[in-house]
Amino acid sequence: MDNLTELKGNWNETKGKMKQKFANLTDDDLLLLEGKQDEMLGRLQKKLGKTKAEIHQLISKL
């Protein structure tokens, strides 16, 4: 997730992969809004029980 613009461009694909990997995630959990990236990461951290760095790494590997 080094490049937020790149992430946004591929977000629909990444979102689908995250939902396949973690069935407990909802569309609301993966909602990526302008200026709300930290909020989304916080929801993912709480729901998946992972650190922010682990979430970044997970998304990068998809």
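What's counted below: heavy atoms across the whole structure, side chains too, no hydrogens, waters or symmetry copies. Small disclaimer: the values here were computed from a predicted structure and weren't measured.
Here the rule is side chain to side chain contact (heavy atoms under 4.5 Å, CB included) with Lys19, and of Thr26, Asn24, Asp27 only Asp27 fits it. When the options Lys47, Arg43, Lys15 are evaluated for a side-chain hydrogen bond (donor to acceptor under 3.5 Å, both in side chains) with Asp29, the one that passes is Lys47.
Smallest separation of non-hydrogen atoms from Leu41 and His56: CD1-NE2, 3.7 Å. For the residue pair Leu48 and Met18, the shortest heavy atom distance occurs at CD1-CE, 4.3 Å. Here the closest heavy-atom approach between residue Lys52 and residue Gln45 is recorded as N-NE2, 3.2 Å.
Using a 4.5 Å heavy-atom threshold, the side chains of Leu30 and Thr14 count as separate. Within the 4.5 Å cutoff, no side-chain heavy atoms of Leu44 are placed close to those of Lys50. Within the 4.5 Å cutoff, the side chain of Glu39 has no heavy atoms near those of the Leu31 side chain. A heavy-atom distance below 4.5 Å is found between the side chains of Phe22 and Leu58.
In this view, Glu54 satisfies the salt bridge (Lys or Arg N to Asp or Glu O under 4.0 Å) rule with no residue, not counting sequence neighbours.
With rounding to the nearest 0.5 Å, the separation of CD1 in Ile59 from CE in Met40 is 5.0 Å.
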